2 protein chains.
Amino acid sequence: MGVRKEQAAQTQAALKAAALRQFAERGYLNTKITDITAAAGRATGSFYQHFASKEDLLAALLADMHEQAGASLSGAEDGAPHDLTDRDQLRAHLAAAWRVMRANRPVLTAVYESSMAAPPAPGASWARLAADTVMFRDHLEYLRAQGHVLPGDPALIGAAMGAMLSTLGFALLPMEPDAPAEPEPGYSDDQVIDTVTDLLLYGLAGRP
Amino acid sequence: MGVRKEQAAQTQAALKAAALRQFAERGYLNTKITDITAAAGRATGSFYQHFASKEDLLAALLADMHEQAGASLSGAEDGAPHDLTDRDQLRAHLAAAWRVMRANRPVLTAVYESSMAAPPAPGASWARLAADTVMFRDHLEYLRAQGHVLPGDPALIGAAMGAMLSTLGFALLPMEPDAPAEPEPGYSDDQVIDTVTDLLLYGLAGRP
DNA sequence: GTCTATATCGCGATAGAC
DNA sequence: GTCTATCGCGATATAGAC
């Protein structure tokens, strides 16, 4: 790799890292291009050598995340469908999702903020939620095929589960991947995952 | 009421109604002051005679909503705590919340968009979620005091329930209060509420 | 490839006539 | 109270030197 290309790669990485920090501090929508370049120690104009816009940068960050998450999950999620009515397996699924959210909170929040700024298209919110919860839906459909009686349509239940988990994540997870539990609500990761697991498995009525 | 004050009230109402329509069409963040005045058939400058800013207008719309919702719920929600492990009572609660969301989707979405645009304060998301779900928490604490075993902390469970419900509402409810069910997912209100009720009461494992 | 300097523009907000 | 006209700021994006 030539020296010029190498410097370009360094600058691009610096911009990405700075953007991540700024998004966590100010929020995606409040972050200006100049905030990012300043935090990266670069000039304003350099930004456009690497990204066409703030949205473009976000897309790049999201791609990076998918690459990492795909690699780390490929081992955990093998081909065989899991039984979500088995407490250990359900808990493992929820814990894995929680870990991914914790590790990527700034990007996920930024994507979310970005989507809120776009003009609302009918059905767009459902489409996103459904797409983000296909894994749940597939497992539930498998369960139903086995003869298990579910409380409703698999896609709807999967969406409901994902809705609960992701919204709790936004409310409870810190922006820094490995920050300690905040004193405010003070729930530990295990506490949250155990509660959600039992709530989703046995409901308010409790274990039979 | 004098003729001048009366006209002022008319203009203010027209601005509010126009804002509601514009928020539903373009989203709160994308709506400019001039969009609102144009849709209301008024001049740009007239806006500031009634509201200090777009945020101020939103606060007024939210106050209107609370007034209406408070009146309509005062009959339904009496002082006595309900038993959320009774299916009919749980379902009634969820259905009431769903109706309020359906009737006020544009305002609720606007408030949400507005909160996403603000710089993120640690604990703010949790504080909002917790505040919006105090009713659930209170009922759950009552249940626990009765000796019922819950899957976790009442505030956390209440937040999880509210998270599921509100996110599903944003994904499924139309912007117009009485629009028919969209063909896309195609779930009816009853279908959604029944599914959520059974999922929250008995979980994936199902009724004992 | 990176820098400084600047053009450009959308939009919130106000001034002043009616 | 409502209108027309305009000011001024903040932020994106580009031009051109190094």
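None of the values given here were measured: they were computed from a predicted structure. Sequence lines set the chain letters: A, B, ... in the order given, protein chains first and strands last, and positions in each chain run from 1.
- Judged by distance alone, with hydrogens and angles left aside, the side-chain atoms of B:Asp35 form a donor-acceptor pair with the main-chain N or O of B:Lys32 at under 3.5 Å.
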Audit row: A:His139, A:His93, side chain to side chain contact (heavy atoms under 4.5 Å, CB included) steps and yes/no: CA-CA 11 Å; A:His139 284 113; A:His93 265 275; 3.2 Å; yes
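- A nucleotide of DNA chain D counts as in contact with chain A when one of its atoms lies under 4.0 Å from a heavy atom; the first and last such, 5' to 3', are D:dA11 to D:dT14.
- Closest approach of A:Leu108 and A:Met101 over heavy atoms only: CD1-CA, 3.7 Å.
- A side-chain donor-acceptor contact under 3.5 Å links A:Thr133 to the backbone of A:Ala130.
- Each of B:Asp198, B:Asp86, B:Asp194, B:Thr197 was evaluated against B:Arg91; a single residue qualifies, B:Asp194, per the side-chain hydrogen bond (donor to acceptor under 3.5 Å, both in side chains) test.
- Near-neighbour residues of DNA chain C inside residues 6-20 of chain A, defined by a heavy atom below 4.0 Å, number-ordered: A:Gln7, A:Ala8, A:Thr11.
- Other residues, nucleotides and ligands place no more than 12 heavy atoms under 6.0 Å from the CD atom of A:Glu184.
- Side-chain N or O atoms of B:Asp83 include none that pairs as donor or acceptor with a backbone N or O of B:Leu143 at under 3.5 Å.
- Not a single donor-acceptor pair under 3.5 Å links the side chain of A:Arg42 to the backbone N or O of A:Thr37.
- Interface residues of residues 26-35 of chain B facing DNA chain C, ordered by number: B:Lys32, B:Ile33; criterion, heavy-atom separation under 4.0 Å.
- Between the side chain of B:Asp56 and the backbone N or O of B:Ser53 there is no donor-acceptor pair closer than 3.5 Å.
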